[in-house]
Protein chains: 2
Amino acid sequence: MQVKNIKTDEKAEMRSDCPISSSLDIFGDKWSLLIVRDLMLYKTRTYGDFTKSAEKIATNILANRLQLLEDNGIITKLPYPGNKVKGLYRLSPKGADLIPVLIELAIWGGKYISNSDECSPFLKEVKKNKSKFLKKVMLNLLQEDENNRD
Amino acid sequence: MQVKNIKTDEKAEMRSDCPISSSLDIFGDKWSLLIVRDLMLYKTRTYGDFTKSAEKIATNILANRLQLLEDNGIITKLPYPGNKVKGLYRLSPKGADLIPVLIELAIWGGKYISNSDECSPFLKEVKKNKSKFLKKVMLNLLQEDENNRD
DNA sequence: GTTTTTTACTTGCATATTAAAAGTAATTAT
DNA sequence: ATAATTACTTTTAATATGCAAGTAAAAAAC
């Protein structure tokens with residue numbers, strides 16, 4: 001097995017008790033937060049949806065990260081209504097609480113990396129009113145949540 | 001060369017124009033933001049200081065990340081006053097603007113990862129008044145900056 | 001109802017990155 | 001003059017990544 005499945009691992013190795021370090025232990029890589037971003041800002045909900053986003057994640061990495069995020073309670077996998085082969089990935093409340101992290105990442109990137117401004121339709125809205133944007137995204141996720149109770 | 005030195009590389013490969021993705025292209029790993037944290041919250045300023053922090057970074061990784069962060073304008077390396085072998089690492093304004101990202105990471109980690117609360121002396125202060133804490137840290141960095149102008 | 005397509009993965013392999021330990025070279029302290 | 005610091009670099013082994021191809025179940029098309 002090249003991409004190790006942490007689920008079969010027993011130890012959840014933490015490098016220290018620092019909350020920043022522990023957060024990075026979970027999603028400190030180039031892909032995990034992009035999956036969270038897609039669930040948060042776009043309509044990305046199935047495995048296939050994730051493979052279609054701009055950064056072109058490899059399918060083995062995607063499967064590994066979805067499992068890792070699920071193991072860590074950041075996303076949940078539900079059965080897709082009316083389709084037995086598809087899964088429906090959702091952000092858990094724990095995952096939704098990463099919104100502020102992503103907002104700050106987006107603001108920093110927008111400020112220091114050229115061309116990113118126009119390409120992220122949300123950045124303008126975020127910069128205009130950060131807490132309003134946060135509430136809006138959180139509300140969207142909650143509403144979707146209600147729609148998915150059976 | 002096992003740890004590739006990006007400085008000799010020409011291409012700055014960006015996976016997409018998304019500001020979140022581009023940010024992660026630079027510091028989306030388990031170590032870079034810990035270096036930024038140490039410069040931001042602690043008195044860590046020399047190579048040796050970094051090797052002493054709790055997460056025990058390997059020296060080759062440290063050297064690589066310091067170079068990468070410097071190449072990306074997030075930190076600067078100054079000569080250490082009165083010592084020709086030491087270097088003095090500092091956060092640039094671009095690096096200091098990562099404070100909000102680290103604050104949100106710390107808040108998330110503090111909320112969802114046990115034991116991290118008591119171990120980060122700053123977390124209480126952050127939670128009590130986020131923007132006050134931000135201003136304080138920013139001011140500290142600016143003052144240190146002034147002290148280091150010759 | 002049989003073939004084709006879609007969907008969600010898994011596998012194999014080459015390459016890249018990481019970690020741990022040891023080594024080096026230039027100061028700096030004793 | 002000798003020992004210790006400091007800031008790296010190198011070596012080697014273990015892991016992780018990226019790409020291409022493969023698989024198995026279900027769904028859609030014919």
Side-chain angles (χ1 to χ4, degrees), chain A residues 1-9 11 13-16 21 24-32 34-35 38 44-71 75 77-89, chain B residues 1-9 11 13-16 21 24-32 34-35 38 44-71 75-90:
Chain A
M1 197 196 292
Q2 326 90 287
V3 173
K4 185 157 56 165
N5 187 343
I6 293 285
K7 200 166 200 173
T8 58
D9 264 359
K11 58 177 176 188
E13 75 283 6
M14 262 170 50
R15 290 172 294 170
S16 77
S21 163
L24 295 174
D25 284 338
I26 296 173
F27 50 74
D29 67 83
K30 298 213 186 305
W31 294 109
S32 298
L34 293 187
I35 291 175
D38 287 348
T44 312
R45 298 293 177 270
T46 68
Y47 190 92
D49 291 343
F50 288 110
T51 66
K52 291 182 191 86
S53 52
E55 294 85 7
K56 299 270 161 267
I57 188 169
T59 57
N60 54 344
I61 305 294
L62 174 59
N64 174 256
R65 292 307 190 280
L66 288 171
Q67 186 66 60
L68 240 42
L69 289 171
E70 201 186 350
D71 292 346
I75 65 175
K77 188 184 183 179
L78 302 171
Y80 194 99
N83 189 315
K84 282 171 194 164
V85 73
K86 283 186 177 182
L88 184 70
Y89 291 98
Chain B
M1 197 196 293
Q2 325 90 286
V3 172
K4 188 159 51 169
N5 187 345
I6 292 285
K7 201 166 202 172
T8 58
D9 263 359
K11 57 176 176 187
E13 74 283 6
M14 263 170 48
R15 289 172 295 171
S16 78
S21 163
L24 295 175
D25 284 338
I26 296 174
F27 50 75
D29 67 81
K30 298 214 187 300
W31 295 108
S32 298
L34 294 187
I35 291 175
D38 286 348
T44 313
R45 296 294 177 269
T46 69
Y47 190 93
D49 291 343
F50 288 111
T51 65
K52 290 182 192 86
S53 53
E55 294 84 8
K56 299 269 161 266
I57 188 170
T59 57
N60 55 345
I61 304 295
L62 174 59
N64 173 257
R65 292 306 191 281
L66 287 171
Q67 185 66 60
L68 240 43
L69 289 171
E70 201 186 350
D71 292 348
I75 66 176
T76 52
K77 187 185 182 176
L78 303 170
Y80 194 98
N83 189 313
K84 283 170 191 162
V85 71
K86 284 186 176 182
L88 184 70
Y89 291 98
R90 316 273 339 281

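A, B, ... follow the sequence lines: proteins, then strands. Residue 1 opens every chain.
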message: Rounded to whole Å, how long is the line connecting atom NZ of B/K86 with atom P of D/dA4?
response: 18 Å
- prompt: A/I61 side chain: which of C/dT27, D/dT17, C/dC9 is closest?
  reply: D/dT17
field: A/K77 side chain to A/Y89 backbone, donor-acceptor under 3.5 Å
entry: no
task: Test B/W31 against B/L62 for side chain to side chain contact (heavy atoms under 4.5 Å, CB included), laying out the working first.
output: CA-CA 8 Å; B/W31 295 108; B/L62 174 59; over 6 Å; no
query: Passes salt bridge (Lys or Arg N to Asp or Glu O under 4.0 Å), B/D29 versus A/K30? Steps please.
result: CA-CA 7 Å; B/D29 67 81; A/K30 298 213 186 305; 5.1 Å; no
- request: Please confirm whether the backbone N or O of B/R45 pairs with a side-chain atom of B/D49, one donor and one acceptor, at under 3.5 Å?
  value: yes
message: Counting only side-chain nitrogens and oxygens, does A/R65 get under 4.0 Å of the OP1 or OP2 atom of C/dC9?
response: no
field: Whole-Å distance separating the NZ atom of A/K77 from the P atom of C/dT7
entry: 15 Å
Polar side-chain contact A/T59-C/dT10 base: donor and acceptor under 3.5 Å: yes
- prompt: How is B/Y80 classified with respect to the nucleic acid when contacts are heavy atoms under 4.0 Å: base, sugar-phosphate, or nothing?
  reply: nothing
- prompt: Nearest-Å distance, CG (B/L62) to C1' (C/dT17)?
  reply: 16 Å
Side-chain N or O of A/W31 closer than 4.0 Å to phosphate OP1/OP2 of D/dA16: no
field: Nearest-angstrom distance from the residue atom CG of A/N64 to P of C/dG12
entry: 17 Å
query: On DNA chain C, nearest-nucleotide positions of A/R15 versus A/V85: which is more 5'?
result: A/V85
message: Looking at C/dC9, I'd like to know if its phosphate oxygens (OP1 or OP2) sit under 4.0 Å from a side-chain N or O belonging to A/N60.
response: no
task: Rounded off to whole Å, could you give me the CD-to-P distance for the A/E70 and C/dA8 pair?
output: 14 Å
message: Over all strands shown, is A/K56 touching base, sugar-phosphate only, or nothing at heavy-atom distances under 4.0 angstrom?
response: nothing
task: Looking only at side-chain atoms of A/A63, point me to the closest of D/dA7, D/dA27, C/dC9.
output: C/dC9
- line: To the nearest angstrom, the NZ-P distance between A/K84 and D/dA28 comes to 12 Å
Nearest-Å distance for atom pair CD1/C1', residues A/I57 and C/dC9: 13 Å
query: Below 4.0 angstrom from OP1 or OP2 of C/dT6, is there any side-chain N or O of A/K52?
result: no
- request: For A/A58 and for A/N83, find the nucleotide of DNA chain D with the closest heavy atom, then tell me which residue's nucleotide is more 5'.
  value: A/A58
message: Between A/R65 and A/L34 (side chain of the first, backbone of the second, donor and acceptor by atom type, cut-off under 3.5 Å), is there such a pair?
response: no
- prompt: Counting any heavy atom closer than 4.0 Å, what does A/K30 reach on the DNA or RNA strands: base, sugar-phosphate only, or nothing?
  reply: nothing
query: Is B/Y89 near enough to D/dC8 that one of its side-chain N or O atoms lies under 4.0 angstrom from OP1 or OP2?
result: yes
- request: Mind checking A/T51 for me? I need base, sugar-phosphate or nothing, with any heavy atom below 4.0 Å counting as a touch.
  value: nothing
field: Atom pair distance, as rounded to whole Å: CG in B/L66 and C1' in D/dA7
entry: 10 Å
- request: Side-chain contact test, heavy atoms from C-beta onward, threshold under 4.5 Å: evaluate it for B/R15 versus B/L24 and give yes or no.
  value: yes
